[in-house]
Amino acid sequence: MRGNLLDAIGNTPLAKIPFDTLAGIFAKLEYLNPGGSIKDRSALFMIEEAEKEGLLKPGGTIVEASSGNQGIAIAMIGAIKGYKVIITVSEKVSEEKIKTLKAYGAEVIICPSTDFIEDPKNYHSQAVAIQKKTPNSFMPNQYFNLSNPKAHYMTLGPEIWRQTNGKITHYFAAAGTGGTISGAGKFLKEQNPKIKVIAVDVDTSFHATGGNPKSYKMEGIGIDFKSPCLDESVIDEFLPVSDKHGLGMLKIMASKYGFLIGTSSGAVAYAVQSYLDKLEKDDLAVMIFGDSGRAYLSKDYY
Ligand code: PMP
């Protein structure tokens with residue numbers, strides 16, 4: 001126990017979704033984390049591991065490339081722990097996320113949307129360059145830092161296992177870095193190797209197109225390059241979802257079921273809905289709702 005806001009990260013509830021099936025369908029409401037997304041877990045883990053290893057020192061600066069939520073989580077934790085925070089984001093990131101980053105006191109650098117992460121103009125390349133020239137700085141580097149999947153292995157996986165009394169049969173999560181699907185997926189497979197671990201991707205991502213990506217609108221989802229945080233050995237299946245289907249699901253989830261969810265969650269909900277005919281009566285599927293629709297209201301998807 002730290003006795004502060006950081007203790008409120010994790011232990012999010014599971015809620016049933018009454019999709020038209022005899023199987024049990026549940027969503028893990030990661031948008032109820034204090035920073036508003038699943039990425040509170042990985043940010044806290046990467047920061048505290050870096051502190052332990054002496055890579056991040058008092059008065060230091062944290063620099064990170066983010067589709068928004070990892071940056072928001074780092075900015076919140078930086079405010080609590082007294083670090084300066086610089087976040088690079090792609091220009092497609094919602095205005096709400098950029099304003100949230102600034103509210104927590106982070107400096108935000110908006111970079112052009114590029115097809116490849118290696119492009120020097122890309123938000124990842126720019127964060128690397130800023131970190132190199134900033135004294136006493138640390139880059140969590142979520143795409144390469146194995147503390148990212150480890151956070152989900154240590155917290156998200158055990159919570160899902162406990163909350164379903166070990167009855168989970170299918171685990172669905174959006175993949176960006178791959179930390180969420182791989183970390184919790186590994187934990188769940190260790191408990192019961194029969195559990196199906198299903199990664200939801202964007203149909204035009206680097207991974208889904210075999211290396212010929214096209215930009216897409218959904219945020220926080222899409223495997224943009226081969227990240228060591230994506231452990232394919234624990235993933236049974238990849239389900240690619242288009243912008244049209246993922247974004248189209250947002251209004252249905254809010255107005256029919258009462259879940260005001262973000263874009264990656266829309267893709268996950270669509271993927272699960274398309275999978276229903278493969279589920280049987282005793283199956284229990286858990287999907288991750290990574291953030292809230294409140295971060296995207298200005299985009300008029302709802
Ligand atoms: N959903 C949301 C809302 C996210 O912000 C992210 C991370 N960018 C993900 C899902 C994907 O998580 P991961 O990076 O662990 O694959």
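What you see below is based on every heavy atom in this structure, not just the backbone, and it leaves out hydrogens, waters and symmetry mates. We number each residue from 1, following the sequence as shown. Quick caveat, the model's predicted, so the values are computed rather than measured.
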Please answer: with hydrophobic residues joined when any side-chain heavy atoms are less than 4.5 Å apart, are Val197 and Val286 in the same cluster?
yes
Would you please classify the geometry between the Tyr270 ring and the His245 ring as parallel, tilted or perpendicular, with 30° and 60° separating the classes?
parallel
Would you check if the side chain of Asn148 reaches a backbone N or O of Asn145 as a donor-acceptor pair within less than 3.5 Å?
no
Please walk me through it: do Arg41 and Glu159 pass salt bridge (Lys or Arg N to Asp or Glu O under 4.0 Å)?
CA-CA 12 Å; Arg41 296 177 187 266; Glu159 286 171 32; 2.9 Å; yes
Within the distance-only criterion (no hydrogens, no angle test), does the side chain of Gln163 pair as donor or acceptor with the backbone N or O of Thr12 below 3.5 angstrom?
yes
Where do Ser90 and Ser113 land on the side-chain contact (heavy atoms from CB on, under 4.5 Å) test, with the steps shown first?
CA-CA 5 Å; Ser90 138; Ser113 209; 3.6 Å; yes
Main chain of Met218, side chain of Lys92: is a donor-acceptor contact present, judged purely on distance under 3.5 Å?
yes
If only atom types and distance count, is the side chain of Thr164 paired as donor or acceptor with the main-chain N or O of Ile160 below 3.5 Å?
yes
In the structure I gave you, are the side-chain heavy atoms of Ile98 and Ile110 within less than 4.5 Å of one another anywhere?
yes
Rounded distance (nearest 0.5 Å) linking atom OH of Tyr296 with atom OH of Tyr301:
9.0 Å
Does anything in residues 198-219 pair up under salt bridge (charged side-chain N to carboxylate O under 4.0 Å, His left out), and if so which pairs, sequence neighbours excluded?
Lys97-Glu219, Glu219-Lys299
Flag yes if more than 12 heavy atoms outside Asp20 fall under 6.0 Å of its CG atom; otherwise flag no.
no
Can you tell me how far OH of Tyr171 sits from CE of Met287, rounded to the nearest 0.5 angstrom?
12.5 Å
Is there a side-chain contact between Gln131 and Thr88 (heavy atoms, below 4.5 Å)?
no
With side chains defined as the heavy atoms from C-beta onward, is the minimum distance between Glu49 and Lys150 less than 4.5 Å?
yes
One pair to check against side-chain contact (heavy atoms from CB on, under 4.5 Å): Phe26 and Ile17. What are the steps and the verdict?
CA-CA 6 Å; Phe26 291 84; Ile17 306 184; over 6 Å; no
Would you give the length of the straight line joining atom CG of Asp119 to atom CD of Gln126, rounded to the nearest 0.5 angstrom?
9.0 Å
Do Lys102 and Glu107 sit within salt-bridge range, that is, some charged N less than 4.0 Å from a carboxylate O?
no
Is any NZ, NE, NH1 or NH2 atom of the basic residue among Lys81 and Glu51 found under 4.0 Å from an Asp or Glu carboxylate oxygen of the other?
yes
Tell me, do Thr169 and Lys196 make a side-chain contact under 4.5 Å, heavy atoms counted?
no
Polar side-chain atom of Ser137 near backbone of Thr61 as donor-acceptor pair, under 3.5 Å
no
Gap separating the CG atom of Leu284 from the CG atom of Asn165, nearest 0.5 angstrom
9.5 Å
Within the 4.5 Å heavy-atom criterion, are Ile38 and Asp291 side-chain neighbours or not?
no
Would you say the side chain of Ile62 lies within less than 4.5 Å of the side chain of Ile86, judging by non-hydrogen atoms?
no
Quick one, Glu30 and Leu156 - any side-chain contact, counting heavy atoms below 4.5 Å?
yes
Please give me the minimum heavy-atom distance between Ser215 and Thr204, naming the atom from each residue.
O-OG1, 4.1 Å
Salt bridge between Glu190 and Lys186, side-chain N to carboxylate O under 4.0 Å?
yes
Can you check whether Ala23's main-chain N or O pairs, donor with acceptor, with Asp283's side chain at less than 3.5 Å?
no
Measure across Pro34 and Leu5 and return the closest heavy-atom pair with its distance rounded to 0.1 Å.
CB-CD1, 3.8 Å
Work out which heavy atom in Ile87 is nearest to a heavy atom in Leu101; give both atom names and the distance.
CG1-CD2, 3.9 Å
Strictly under 6.0 Å, is that where the ring centroids of Phe289 and Phe259 end up?
yes
Taking everything shown except Glu95 itself, do over 12 heavy atoms lie less than 6.0 Å from its CD?
no
Ser265 side chain vs Ile261 backbone, donor-acceptor pair below 3.5 Å:
no
Check whether more than 12 heavy atoms from other residues, nucleotides or ligands sit under 6.0 Å from atom CD of Glu118, and answer yes or no.
yes
For Val200 and Ala267, which heavy atoms make the closest approach, and how far apart are they?
CG1-O, 3.8 Å
Looking at CZ of Arg294 and OG of Ser94, how far apart are the two atoms once the value is rounded to the nearest 0.5 Å?
14.0 Å
Find out if a path of hydrophobic residues (ILVMFWY) with successive side-chain heavy-atom gaps under 4.5 Å connects Leu260 to Met249.
yes
Angle class for the Tyr143/Phe225 ring planes (parallel below 30°, perpendicular above 60°, tilted otherwise)?
tilted
Kindly indicate whether the side chain of Lys16, heavy atoms from C-beta on, has any atom under 4.5 Å from the side chain of Ile25.
no
Positive for salt bridge (charged side-chain N to carboxylate O under 4.0 Å, His left out) with Asp236, one of Lys194, Lys189, Lys278:
Lys189
For the residue pair Asn122 / Thr114, report whether a side-chain donor-acceptor contact shorter than 3.5 Å exists.
yes
Taking it one step at a time, do Lys167 and Asn192 satisfy side-chain contact (heavy atoms from CB on, under 4.5 Å)?
CA-CA 9 Å; Lys167 295 204 171 80; Asn192 175 3; over 6 Å; no
Closest non-hydrogen atom pair, Gly220 against Ser67:
CA-OG, 3.5 Å
Donor-acceptor pair, distance only, cut-off 3.5 Å: does the side chain of Asn33 make one with the backbone of Ser37?
yes
Relative to Tyr302, does Lys251 satisfy both conditions: NZ or CZ under 6.0 angstrom from the six-membered ring centre, and within 45 degrees of the ring's axis?
no
Describe, in one word, how the ring planes of Phe172 and Tyr275 are oriented to each other, choosing from parallel (under 30°), tilted (30 to 60°) and perpendicular (over 60°).
perpendicular
Donor-acceptor contact below 3.5 Å, side chain Gln70 vs main chain Ala65
no
Side-chain heavy atoms under 4.5 angstrom apart, residues restricted to Ile, Leu, Val, Met, Phe, Trp, Tyr: same cluster for Ile74 and Val128?
no
Under a 3.5 Å threshold, yes or no: a donor from one side chain and an acceptor from the other, between Thr177 and Gln142?
no
Check for a donor-acceptor pair, side chain of Tyr216 on one end and backbone N or O of Ile221 on the other, with a separation under 3.5 Å.
yes
Assess the residue pair Glu96 and Ser298 against the criterion (side-chain contact (heavy atoms from CB on, under 4.5 Å)); give the C-alpha distance rounded to whole Å, side-chain angles, the decisive distance to 0.1 Å, and a yes or no.
CA-CA 8 Å; Glu96 288 89 334; Ser298 67; 2.8 Å; yes
For residues Met154 and Met46: do they belong to one hydrophobic cluster (side chain heavy atoms under 4.5 Å, members Ile, Leu, Val, Met, Phe, Trp, Tyr)?
no
Rounded at 0.5 Å granularity, tell me how far CG in Leu297 sits from CG in Leu250.
10.5 Å
In one Ile/Leu/Val/Met/Phe/Trp/Tyr side-chain cluster, 4.5 Å: Phe45, Leu230
yes
How far apart are the closest heavy atoms of Cys229 and Ser182, and which atoms are they?
O-OG, 3.1 Å
